[in-house]
Amino acid sequence: MKVHLINPSGLSFGVGVITPRWLFVLAAATPASYGDPIITDETLEKWDPSTVSAGDVVGIGIHTGNAQEGYAIGRKVRERGAYAVFGGIHATLYPEEALKLGGAHSVVKGDGDLVWATVIADCGRNAPQETYDGGKVEGGEFKPARWSLLPKNKYMWASVQTVRGCPKHCSFCSVWKTDGQRPRQRTVDAVIDEIVELRRIGFRFIALADDNFYPVTLTDLRLAGQQNDTTRLNELKAIRAERFELMARLAQLPADMIFFTQITMEAAEDPEFLDAMRTANIKGALVGVESVTPEGLKDVYKEFNASGADLVEQLRTFRRHGVYVLGSFIFGLPSDRPETFDATATAAAQAEVAFAQFVMLTPYPGTVDFNRWEKEMADSPIRIAGIPITRRWLIPPSLRPKLYWAHPTMSAEEVRERTQSVWDTFYSLKYIWARSGFIKSMRARLAFVLISKIYRQMYADTGIATDSARVSRSAQWARWLAKPCQRLFAAPPMPHLKLPEAWTAPAPVEQVSSLS
Ligand code: SF4
């Protein structure tokens, strides 16, 4: 009996941008007695069904975007007499769908780190359960990824998780519901061990693939102090201290290492944190800006973000502290108007963000927005190709609408066209080259241009374009650019790299008293 792990994808590029971490975490969670799992990442190449034999166990991880591809794989797995086991965020939310449409023998809800070994053993004795609940594993029990199974020269960035969960509650995001609002931090030693292993094999660019790298804000500390909630205050201080410890240890790693993470904009109000990020070589952060207007932020329950001139100033603060921003913006919010698109493009340029993504508001299962939409649609159901629009991921891709909510003043096509136009302008060669001006070396500047182009081809056209010719042209371009890009990111391996020395915390600073 062999164990297979498959990351489904409709598009394969030959080279991936970031390692799909879950594949290698579940590989680590697979008991050695079953041998090395056979890993397929379809963002690199298509899965070959002939590699699966009767009795094998096949783990398929799905999110809403690749559920349909995952179900097609699951049905083939079942046809071959093997066990199809689904996991991931979408399977957690819709286990019955994977059982019905994906040929699943089992669905794992929640984290797979600890329960995966039981699932394989149950399949081995031909007694798989329909569902398993992996729950929310504590940070100290997260499995480290098995990077020794990573194919060579196939990814630009590796990914290491340091914390799961996010205390916020944005209406378009499911993270706080599925991963929980309590931050679950890994131990610093576990994170550093993995990063050192990755540098030994030649990765110097690492994505800290966290839900929110800044789980405790200064406002959280101030409020807990004002409420005299000592227990809460101490918990928050402990989480914050661990963040600083992690960053101090990252700073001891080879100077050529570069990290990237996701963070909320509130970190701009915390210069001590930003300086620690710079010292740790965390040079880039995805910041969910969402909207440049206060009305737009209200639409998505993200009023803790700044808007207008304050927004530009906050984003610039990241840059002043050496952290370059990938700004994430949403279009199609009810309060958006035609002028919002230009205002967003202008704000992104003024704020000097290094990269940006412009996504169209899409209802994601597990979110507040989705639940509201589903309730609204119950009164006036719309079907496309016989499928309710609230199961939009099951609609054939060519028939899927680009916008699911009727906008009060613009047609869906207008929102799509204006969104596409902002992508086109932001990623025109002229603007990319101008943005790359802060980079000293020509090689690094070239890498910046290439990664900008590849980012746009992989995520803009394939997600927004309506005509299939443009989608396939973009995928072809991305394939073409990916290989040289991967070479630019690779570094000579450092097989003898030692772990940095244990860190000693500085004497505690009573900072909260000054905040309350
Ligand atoms: S969008 Fe970001 S800040 Fe908001 S809940 Fe999701 S992870 Fe947290």
Side-chain angles (χ1 to χ4, degrees), residues 18 21-22 63-65 88-90 92-93 110-111 136 139 142 159-186 207-221 223 236 239-240 243 260-270 273-274 277 282 284-294 296-307 311 314-315 317-318 323 325-333 344 353 355-373 459 463:
I18 299 180
R21 182 177 170 76
W22 77 266
H63 49 80
T64 301
I89 188 165
H90 192 83
T92 298
L93 292 164
D111 297 336
K136 294 186 178 71
F142 292 177
S159 51
V160 174
Q161 192 169 39
T162 76
V163 60
R164 278 183 211 164
C166 175
K168 305 297 180 192
H169 56 270
C170 304
S171 67
F172 57 87
C173 176
S174 60
V175 158
W176 58 282
K177 291 226 170 156
T178 51
D179 279 353
Q181 289 186 283
R182 183 173 61 84
R184 292 172 284 147
Q185 297 200 121
R186 290 178 80 192
L208 302 175
D210 300 327
D211 296 326
N212 179 0
F213 190 78
Y214 184 61
V216 175
T217 67
L218 292 182
T219 306
D220 296 333
L221 290 167
L223 289 175
L236 294 175
I239 294 171
R240 182 175 166 89
R243 294 278 89 182
F260 175 87
T261 192
Q262 304 199 83
I263 203 162
T264 52
M265 206 190 291
E266 297 149 303
E269 294 156 16
D270 193 342
F273 199 89
L274 291 183
M277 285 175 72
I282 303 175
L286 187 150
V287 177
V289 180
E290 325 310 356
S291 174
V292 299
T293 68
L297 293 172
K298 198 166 173 201
D299 286 339
V300 295
Y301 299 7
K302 204 155 184 172
E303 288 146 289
F304 59 84
N305 265 7
S307 58
L311 159 71
Q314 284 212 337
L315 291 174
T317 304
F318 281 97
V323 179
V325 169
L326 189 170
S328 180
F329 301 85
I330 301 178
F331 286 135
L333 300 171
T344 303
V353 298
F355 297 93
Q357 61 183 28
F358 308 96
V359 297
M360 286 192 292
L361 184 61
T362 304
Y364 275 94
T367 66
V368 169
D369 285 347
F370 186 92
N371 294 343
R372 194 174 47 211
W373 180 57
Y459 297 103

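Values below: all heavy atoms of this structure, side chains included; hydrogens, waters and symmetry mates excluded. The first residue of the sequence shown is numbered 1, and numbering continues consecutively from there. Counting starts at 1 for both ligands and their atoms, in listed order. Quick caveat, the model's predicted, so the values are computed rather than measured.
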Please check if the distance between the ring centroids of Tyr364 and Phe370 is under 6.0 Å.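 No.
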
Mind checking whether Trp176 and His169 have parallel, tilted or perpendicular rings, split at 30° and 60°?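 Aromatic pair Trp176/His169 classed perpendicular.
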
Any N/O/S of Cys173 under 2.8 Å from atom 6 (Fe) of ligand 1?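 Yes.
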
In plain terms, say whether Asp111 and Arg184 are close enough for a salt bridge, that is, a side-chain N and a carboxylate O under 4.0 Å apart.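 Salt bridge flag = yes for Arg184 with Asp111.
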
Look at Lys302 together with Glu290 and state whether they make a salt bridge at an N to O cut-off of under 4.0 Å.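 Yes, this pair counts.
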
Strictly by modelled atom types, are Gln314 and Glu266 linked by a side-chain donor-acceptor pair under 3.5 Å?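 No - no donor-acceptor pair under 3.5 Å links their side chains.
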
Using a 4.0 Å heavy-atom cut-off, which part of Asp211 comes near ligand 1: side chain, backbone, both, or neither?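 Asp211 to ligand 1: backbone contact only, side chain stays beyond 4.0 Å.
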
Does Cys166 approach ligand 1 within less than 4.0 angstrom via side chain, backbone, both or neither, non-hydrogen atoms only?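 Looking at Cys166 and ligand 1, just side chain atoms fall under 4.0 Å.
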
Please identify which atoms of ligand 1 are closer than 4.0 Å to at least one heavy atom of Thr264.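 So the atoms of ligand 1 that pass are 3 (S).
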
Ligand 1 atoms in contact with Trp176 (distance to a heavy atom under 4.0 Å):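 Counting from 1, the qualifying ligand atoms are 5 (S).
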
Arg243 to Phe273 six-membered ring, cation-pi geometry met (6.0 Å, 45°):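 No, Arg243 does not lie over the aromatic ring of Phe273.
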
Report the nearest protein non-hydrogen atom to atom 4 (Fe) of ligand 1: residue, atom name, distance rounded to 0.1 Å.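 The closest one turns out to be Cys170 SG, 2.3 Å.
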
Just need the protein heavy atom nearest to atom 2 (Fe) of ligand 1, so name the residue and atom and give the distance.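 The protein heavy atom lying closest is Lys302 NZ, 4.3 Å.
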
Do any of the N, O or S atoms of His169 sit under 2.8 Å from atom 4 (Fe) of ligand 1?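 No N, O or S atom of His169 is closer than 2.8 Å to atom 4 (Fe) of ligand 1, so no.
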
